[in-house]
Amino acid sequence: MSAPLLDIRELTVRVEGKEILSGLSLEVGRGEVHAIMGPNGAGKSTLAQALAGRDGYGVSAGSMRFDGEDLLGMSPEERACKGLFLGFQYPVEIPGVSNMYLLRSALNAQRKAAGQPEINAAEFLRRARQEASRLKLKPELLKRGVNEGFSGGEKKRNEMLQLAVLKPRLAVLDETDSGLDIDALKVVASGIRALRDGQRAFVLITHYERILNLVSPDKVHVLAGGGIARSGGAELVQELEAAGYETFLREAA
Amino acid sequence: MSAPAARNPEIQELLQRKYQHGFVTDIESDTLPPGLDEDVIRVISARKEEPEFLLDWRLRAFRYWREAREPSWAKLNIPPIDYQAISYYSAPGAAKDAPKSLDEVDPRLLETYDKLGIPLHERARLAGVAVDAVFDSVSVATTFKSRLAEAGVIFCPFSEAVREHPELVRKYLGSVVPYRDNYFAALNSAVFTDGSFVYVPKNTRCPMELSTYFRINERNTGQFERTLIIADEGSEVSYLEGCTAPMRDENQLHAAVVELVALKDARIKYSTVQNWYPGDEKGRGGIYNFVTKRGDCRGRNSSISWTQVEAGSAITWKYPSCILRGDNSTGEFYSVAVTNNFQQADTGTKMIHIGRNTSSNILSKGISAGRAQNTYRGLVKVFPRAEGARNRTQCDSLLIGRDCGAHTFPHMDIGHPRAVVEHEATTSRISEDQLFYCRQRGLGEEDAVNLIVNGFCKQVFNMLPMEFAVEAQALMNVSLEGAIG
Ligand SMILES: Nc1ncnc2c1ncn2[C@@H]1O[C@H](COP(=O)(O)OP(=O)(O)OP(=O)(O)O)[C@@H](O)[C@H]1O
Ligand SMILES: [Mg+2]
């Protein structure tokens, strides 16, 4: 039995001198879809950023292993090239840098790290256009600056486009379902389903039942009080919808 | 035509006297000792066998310069320059220390050529390998010359134009940038040794991009270069100056003058990529670049467009400008200026609206990193008679790191009540968020910076001729090496 794809043990993360995560543990196996829910400010995005290796998200204790390799010593780009993808809760705008140009550069950087040749420009464009039309992303947005003047929903679809083109081994999607209209949500869910191949894993950070009904996660976790307060199957979602986070907050206090 | 100064007995005597002092030994390949006075100017003019009018003009310029003062209004910190410590004449081919082949060239320079993708056959010339060893460019230049001659276009070294077309030189030299214009223009007028001359005849579209790249027999003209481009009625020309490769040059002070004249319905496009040595990361050394560039839209419906990528030099003082004299004429200025380490740049443009329905467009992109200071300085002047004048100015600054500075001084002097003048300025910093976003997608930190910087400059790069645009992008990356971290 090989190691889980993602193995987080007793992780403690401090931001600006404040301890946000205290001894969090989480295992995600190959091909699995996990959901992480939890109250605002619980530390879900903090977990995602720490996984991706963002400066300022200092890991003071514990470990994170990805496919058996220690993530802690790796730069953000090394982690990305190993196949770790983060869909941002608030994707940043990069004016002037064409959306397609960033994506092609990213893909080529990852291919280079894997010892593969650069993708042919025409082939790339074909692939990107195909994925964009599947995600119903307006072709015009491919030419614009990265997220430049995109609506909230368009930014999220653009994250999905990057996911679809980069095909990572683990995608952590931080509220990619928030701010999407019903059609877009269906598109995102079908995008995730299409990428499930028995190997690729997903961690969906979300506040809503809707997306989970569409993708049926293998496991659902509640992040509260600096760690995973509870884990269960899809039925946990209904329970949370009914009772809210009240009990977890009380336990944590 | 007046007798060449060289045949003047007094000058001959002067030349001899200099020789007696042992300063110069060989009449064909020689260098004057440091220092500047009227005698030096007479020697320069004599060596170049110039007509009387040119010597007179040089001397008037010199006398003006002697009384003038260095300008101090720029936001630049300029160390004192000892003008008497400079040698003002060096005959072509005089550089005895020039490398004989690429094997003798600094390997770091070759490495940079590699990064910039400079073709192999160009490297020798750029590195300053003696010209006669660079056989490739000779053949290129020859085919080039015959195509131009067919079209009637004159493109030659300035000194050749003085000999072959003195009437054109006399008519236009100093007509856009008079020697009284400013301190450095006066110095250049007094001592310039060579440069480029272009004349495009009426209703002629120059059949190719003209480029200093192809101009051979011009070693040692970089310091006080003089360029004059005349586009006659209904003609069109595009001129490229410089190149992305760092050029070998021992002269610290550069003071060039470029004059453009566009007659009725003529169009001139002038593109520059400047990459002189910027000094090291501690701020030691580097070229001081004081340039006067100006275009005169003299005729109706004429247009002049400047595009510049300023990446090199320790100090850049440069304001390519347009005098919009003809009705319906248009002026454009597109600029990228990048400064890193201790570089200082004070650059921008002047758009002088004199004719009716004249329009101008200014797009300036300044990038600062390290401890560099980058200033945009612009003037939009609309004369009372310039009915229908329009200007649009956009100045964007990008900061990398916390120790650099960006400054914008957009002056407006609007003399017509219905002139339409729009100005927009932005300053941004490459954010942590942007870098992390790119890195999370797999790009290294430097690649991420380059991506963002190139995106910032794109609108200007798009104005460059194709192959230049690609090189300019590579140049940005090399210039900002080490800017992060
Ligand atoms: N850079 C920072 N500086 C200071 N505090 C921070 C920083 N980043 C996060 N925090 C704090 O850490 C806590 C967890 O924030 P985080 O964004 O991880 O919450 P979240 O669970 O993703 O919440 P939400 O559901 O609202 O997205 C919050 O109290 C937040 O204010
Ligand atoms: Mg969050």
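Numbers restart at 1 for each chain; the letters A, B, ... are given by sequence-line order, proteins then strands. Predicted model only: the values in this text are computed from it and were never measured.
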- Heavy-atom count around B:Arg267 CZ within 6.0 Å, excluding the residue itself: above 12? no

- Note: B:Lys458 and A:Gly96 closest approach over all heavy atoms is NZ-O, 3.0 Å

- Item | Criterion side-chain contact (heavy atoms from CB on, under 4.5 Å) against A:Val97, the qualifying member of B:Leu451, B:Asn454, B:Val453 | B:Leu451

- Task: Answer with side chain, backbone, both or neither: which region of A:Arg79 has an atom nearer than 4.5 Å to a non-hydrogen atom of chain B?
- Result: neither

- Message: Does A:Arg193 have more than 12 heavy atoms from other residues, nucleotides or ligands lying within 6.0 Å of its CZ?
- Response: yes

- Item | A:Lys82 atom NZ: more than 12 heavy-atom contacts under 6.0 Å | no

- Message: Quick check on A:Tyr101: does its OH atom have over 12 non-hydrogen neighbours (other residues, nucleotides or ligands) under 6.0 Å away?
- Response: no

- Verify the neighbour count for atom NZ of A:Lys167: are there more than 12 heavy atoms of other residues, nucleotides or ligands below 6.0 Å? yes

- Query: With respect to chain A, which residue among B:Gly444, B:Ser428, B:Ala448, B:Cys457 yields the maximal number of heavy-atom pairs within a distance under 4.5 Å?
  - Reply: B:Gly444

- Message: At a 4.5 Å cut-off on heavy atoms, which part of A:Glu78 comes close to chain B: side chain, backbone, both, or neither?
- Response: neither

- Message: Below 30° counts as parallel, above 60° as perpendicular, anything between as tilted: where do the rings of A:Phe88 and B:Phe436 land?
- Response: perpendicular

- Item | Contact leader toward chain A among B:Gly455, B:Cys438, B:Ser431, where contacts are heavy-atom pairs under 4.5 Å | B:Gly455

- Interchain contact, A:Leu166 with chain B, by part (heavy-atom threshold 4.5 Å): side chain

- Message: For the interface with chain B, which of A:Cys81, A:Ala52, A:Ser75, A:Pro168 has the highest count of heavy-atom pairs at distances below 4.5 Å?
- Response: A:Ala52

- Message: Taking side chain as everything from C-beta outward and backbone as N, CA, C, O, which of these in B:Glu432 sits under 4.5 Å from a heavy atom of chain A? Side chain, backbone, both or neither.
- Response: both

- Task: Search all heavy atoms of B:Gly442 against all heavy atoms of A:Ala80 and return the closest pair with its distance.
- Result: N-CB, 3.6 Å

- Test item: B:Gln440 side-chain N/O and A:Gln49 main-chain N/O as donor-acceptor pair under 3.5 Å: no

- Pair B:Arg441 + A:Glu77: basic N to acidic O under 4.0 Å: no

- Message: Check this for me: A:Arg111, atom CZ, are more than 12 non-hydrogen atoms of other residues, nucleotides or ligands nearer than 6.0 Å?
- Response: yes

- Task: In plain terms, say whether A:Asp55 and B:Arg439 are close enough for a salt bridge, that is, a side-chain N and a carboxylate O under 4.0 Å apart.
- Result: no

- Over all atoms of both residues, closest heavy-atom pair of B:Leu443 and A:Ser105: CD2-O, 3.6 Å

- For A:Arg129, does the CZ atom sit with more than 12 other heavy atoms under 6.0 Å from it, leaving out its own atoms? no

- Could you go step by step and tell me if A:Glu93 and B:Asp433 meet the side chain to side chain contact (heavy atoms under 4.5 Å, CB included) rule? CA-CA 9 Å; A:Glu93 298 196 8; B:Asp433 278 347; over 6 Å; no

- Query: Would one find more than 12 heavy atoms of other residues, nucleotides or ligands at under 6.0 Å from atom CD of B:Gln394?
  - Reply: yes

- Against chain B, work out which of A:Asn108, A:Leu103, A:Leu86 has the most heavy-atom pairs shorter than 4.5 Å and name it. A:Leu86

- Message: I need the B:Tyr437 OH to A:Asn147 CG distance, nearest 0.5 Å.
- Response: 4.5 Å

